[in-house]
Amino acid sequence: MVVMHIVEERDMDRVFKLPSTTYIGGKDKALPLKEILRRLETAYCRHIGVEFMFINSLEQCNWIRQKFETPGIMEMDSEQKRLILARLTRATGFEAFLARKWSSEKRFGLEGCEILIPAMKQLIDKSTELGVESIVMGMPHRGRLNVLANVCRKPLEQIFTQFAGLEAADDGSGDVKYHLGTYIERLNRVTNKNIRLAVVANPSHLEACDPVVQGKTRAEQFYRGDGEGKKVMSMLLHGDAAFCGQGIVFETFHLSDLPDYTTHGTIHIVANNQIGFTTDPRHSRSSPYCTDVARVVNAPIFHVNGDDPESVIHVCNVAAEWRATFHKDCVIDIVSYRRNGHNEIDEPMFTQPLMYRKIRNTKPGLQLYAEKLIKEGTVTPEEVKDVADKYEKICEEAYTNARKETHIKYKDWLDSPWSGFFEGKDPLKVSLTGIKEDTLVHIGKRFSSPPPNAAEFVIHRGLERILKARMEMVEARIADWAMAESFAFGSLLKEGIHVRLSGQDVERGTFSHRHHVLHHQLVDKATYRPLCFLYPDQAPYTVSNSSLSEFGVLGFELGYSMTNPNALVCWEAQFGDFNNTAQCIIDQFISSGQAKWVRQSGLVMLLPHGLEGMGPEHSSARLERFLQMSSDDPDYFPPESEEFAVRQLHDINWIVANCSTPANYFHILRRQIALPFRKPLVIMTPKSLLRHPEAKSSFDEMVEGSEFLRVIPETGVASQNPSSVKKVVFCAGKVFYDIKKARGARELDNDIAIARVEQISPFPFDLVKRECAKYPNAQLTWVQEEHKNQGAWSYVQPRFNTALNNTRVVTYAGRPTAASPATGSKNQHLKEHAQLLDDALAL
């Protein structure tokens with residue numbers, strides 16, 4: 001029988017013993033029911049909503065309860081309240097000043113969520129108090145200028161000059177003001193400790209900088225030896241619509257706890273306007289809250305009313321302490337509104353009339369808080385006015401100074417300065433990339449040997465054969481692709497250069513060729529990484545299989561590469577075809593990052609590429625796209641000089657190559673570090689060539705005195721009698737071996753010369769001109785295995801014409817145009833391949 005008990009008024013005074021699962025009692029062990037309800041309502045039914053019960057750790061759940069249930073835990077002294085008011089006044093005053101001076105300019109102001117600024121400043125104060133020395137931040141455009149001014153304390157003059165439409169005093173094409181980043185080292189006045197703040201530049205692609213921030217943070221932790229993330233942390237700001245709408249948020253969350261990608265806890269802040277441009281939440285997400293994506297990593301979520309500054313600040317304190325205690329992500333959802341349209345010149349009443357009528361009748365947050373503090377006697381109306389007037393005066397002075405400026409400087413907005421890297425360097429002097437033979441032999445032997453305790457460490461039979469074959473290569477003084485890569489990595493490690501290789505299945509290699517991590521066959525997690533044990537004083541080598549993400553991981557590695565120029569950071573795609581899921585990082589950051597944000601990166605993208613009958617998604621890294629985004633002029637042949645090659649590299653936005661020999665791959669990797677500047681490198685890497693008997697290089701091509709060959713000329717019989725050569729075939733990559741084999745089979749070695757263009761962009765005008773001049777009577781043909789509307793043809797054709805001053809015609813041989821990169825039929829593939837060779841070798 002069930003007895004129903006209805007709680008009556010008289011029960012409200014009954015005293016109940018409190019269970020051990022609650023903290024509302026403080027020192028009391030029992031409380032009247034009325035007081036129990038009052039305390040629970042104070043903790044959970046006011047301006048803070050905490051989502052944490054899904055976390056599968058009792059310790060963490062209890063920790064959170066204690067932070068919200070303990071009586072009086074949210075009380076603040078008048079000093080703290082005045083600090084909040086001062087900060088809120090500055091945030092509000094900044095937007096008001098910009099609105100007055102530049103009423104028709106887009107600036108994506110914070111009006112309606114100005115509390116974001118005091119919130120961020122509180123997180124920084126609390127985190128520095130807890131030992132953090134450096135914070136890397138990523139954010140969208142809303143409120144960015146306010147963050148730069150009031151959180152980073154970037155000089156106001158520099159911000160105001162961005163509105164003046166001045167010319168730049170330095171190189172680059174620049175970016176709109178609300179995309180720019182910055183880097184500042186300053187004293188935190190509250191904690192009296194030095195703090196470094198970086199805001200990473202971000203394109204209009206909301207959330208795209210999330211993984212970049214994480215990579216930059218991880219790198220900074222790595223170089224500082226901060227293995228637990230106690231000194232360096234990341235903070236990511238989000239808009240409500242983007243946080244649940246953009247898949248990169250999910251990809252970035254899934255890096256948060258991976259050993260080689262974790263940043264040991266990120267604090268996420270959502271400036272929740274409850275609208276995305278003109279779209280209501282009911283049309284922009286299927287989950288109750290915009291923050292539900294964070295639940296996948298058990299991150300606690302603190303929803304807080306943006307019009308209650310003290311609740312916001314309390315939540316920020318809890319978030320900073322959570323991160324310092326558990327080193328896990330957490331989310332602060334500041335529920336607020338957007339007072340204007342999407343930007344200042346947008347009309348929101350078209351689409352949200354009721355909402356915006358309500359917003360117009362809502363007092364600004366600063367006014368509400370000032371009235372509250374005046375009412376409780378914390379401040380006087382005169383003090384409120386005085387704080388506002390003081391900041392207004394600061395803004396006016398900065399405005400007056402800004403009007404005297406004649407130029408803007410892009411480098412004032414650099415988010416990752418490399419102090420000391422460029423100073424005292426000749427910008428056109430490249431170090432040598434060849435190395436001593438002893439070094440090659442030493443690395444080769446280590447790379448070919450089982451672990452020193454080989455008796456206990458059981459390796460796979462197949463691997464024993466691979467290691468034996470490697471040792472035989474070292475003895476024969478030759479290297480295949482994997483060996484040449486290990487020489488490049490190993491020699492850089494010896495020189496103190498950190499090397500990091502990341503991507504899907506890179507430890508073994510998609511094509512089972514690399515084997516940088518050997519696994520004990522009988523013991524779980526027992527591994528051996530030969531390249532980590534080459535020299536006692538070498539730099540660290542990191543090789544890590546990533547999550548199955550391209551956008552997230554490529555963004556992460558880009559961020560990693562921005563932090564320190566003295567590191568070789570490589571991302572390898574499973575197949576080059578999959579790089580297009582990271583197209584946003586390639587387009588917005590890698591190809592144009594230096595032009596927009598004067599930010600250099602030496603990131604290497606390794607993209608397996610080549611038509612080998614494996615179908616449309618395992619054939620093409622879309623070489624044509626990278627070439628189309630290369631910034632060299634097809635009609636301009638630079639002046640020929642000693643520095644021709646390095647000047648080209650200096651002036652271009654990135655380097656695109658398709659190497660055909662292990663030695664050239666070795667040199668181009670080492671050249672990344674040998675250059676006196678940094679450029680991204682995009683390499684079409686081989687698949688079948690990894691094991692091709694002819695795709696091997698002698699140690700002679702890697703020792704001191706050898707170098708990267710932008711073009712590999714014909715060296716066979718055709719080169720000895722050039723005037724009688726009837727055809728010169730230019731090509732790039734793997735197709736060379738197919739053409740060479742067919743030429744031999746057809747006994748055309750005397751009639752046809754084959755030259756390989758190894759570095760396609762910047763285009764080697766000088767060497768192409770020289771090679772063509774050597775064969776004055778020959779027909780010139782570009783041969784590629786890709787379809788005519790793909791591959792390098794559309795890029796090289798006008799550049800051949802420029803190199804030859806339009807005096808000779810270069811014809812095309814290769815597959816015809818097509819919508820798909822490759823056929824799915826093996827039979828059709830072989831037919832096309834045979835036709836391609838016929839066309840290439842036709843006289």
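None of these values were measured; they are calculated from a predicted model.
Val50 has its side chain out of reach of Val315: every pair of non-hydrogen atoms, C-beta onward, lies at least 4.5 Å apart. With contacts defined as side-chain heavy-atom distances shorter than 4.5 Å, the pair Leu88/Pro309 qualifies. Proximity of Phe16 to Asp11: side-chain heavy atoms (C-beta onward) are nowhere separated by under 4.5 Å. With contacts defined as side-chain heavy-atom distances shorter than 4.5 Å, the pair Gln221/Met233 does not qualify. Leu237 places a side-chain heavy atom less than 4.5 Å from the side chain of Met120. Taking 4.5 Å as the limit, some side-chain heavy atom of Ile84 sits within range of a side-chain heavy atom of Met76.
Contacts classified as side-chain hydrogen bond (donor to acceptor under 3.5 Å, both in side chains) and involving residues 249-260 (residues at least two apart or in different chains) are given here: Glu251-Ser549.
Annotation: Lys230, atom NZ; neighbour count of heavy atoms from other residues, nucleotides and ligands within 6.0 Å does not exceed 12. Other residues, nucleotides and ligands place more than 12 heavy atoms under 6.0 Å from the NZ atom of Lys193.
Ring orientation note: the planes of Trp63 and Phe326 are nearly perpendicular, at an angle over 60° on the 30°/60° scale. Ring geometry for His342 versus His141: interplanar angle over 60°, hence perpendicular rather than tilted (30 to 60°). Classification of the Tyr223-Tyr560 ring pair by plane angle, with boundaries at 30° and 60°, yields tilted.
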Only distances under 3.5 Å count here; give the side-chain donor-acceptor pairs of residues 270-279 to other protein atoms, sequence neighbours excluded, each with its distance to 0.1 Å.
residue : atom : partner : partner atom : Å
Asn272  : OD1  : Gln274  : N            : 2.9
Asn272  : ND2  : Asp333  : OD1          : 3.1
Gln274  : NE2  : Ser336  : O            : 2.8

Please table the atom pairs, donor to acceptor, closer than 3.5 Å between any side-chain atom in residues 129-136 and protein atoms at least two apart or in another chain.
residue : atom : partner : partner atom : Å
Glu129  : OE2  : Lys126  : NZ           : 3.3
Glu133  : OE1  : Arg224  : NH1          : 2.8
Ser134  : OG   : Glu220  : OE2          : 2.5

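Side-chain N/O atoms of Tyr337 and Glu111 include no donor and acceptor closer than 3.5 Å. Donor-acceptor pairing under 3.5 Å is lacking for the side chains of Asn194 and Glu185. A donor atom on one side chain and an acceptor atom on the other are found under 3.5 Å apart for Ser502 and Tyr261. In this model, a donor atom of one side chain and an acceptor atom of the other lie less than 3.5 Å apart for Arg338 and Tyr356. Side-chain contact of Glu51 with Tyr289: a donor-acceptor pair under 3.5 Å is absent, judged by distance alone. Between the side chains of Ser57 and Glu59, no donor-acceptor pair of N or O atoms lies under 3.5 Å. Side-chain contact check for Asn298 and Asn56: at least one donor-acceptor pair (N or O, by modelled atom type) lies under 3.5 Å. Side-chain contact annotation: His327 with Glu228, donor-acceptor N/O pair under 3.5 Å absent. With 3.5 Å as the limit, one finds a donor-acceptor pair spanning the side chains of Glu69 and Thr22. Using a 3.5 Å distance cut-off with no hydrogens or angles, the side chains of Lys216 and Thr563 do not pair a donor with an acceptor.
At least one donor-acceptor pair under 3.5 Å links the side chain of Asn188 to the backbone N or O of Thr191.
Contacts of Asp77 classified as side chain to side chain contact (heavy atoms under 4.5 Å, CB included), with partners at least two apart in sequence or in another chain: Glu79, Gln80. Listed by chain and residue number, nothing satisfies the ring-ring contact (aromatic ring centres under 6.0 Å, His included) test with His205 (two or more places apart in sequence, or in another chain). Looking at residues two or more places apart in sequence or on another chain, you find a ring-ring contact (aromatic ring centres under 6.0 Å, His included) between Phe68 and Phe302, His314.
Phe97 does not carry Arg107 over the face of its six-membered ring by the limits of under 6.0 Å from the centre and within 45° of the normal.
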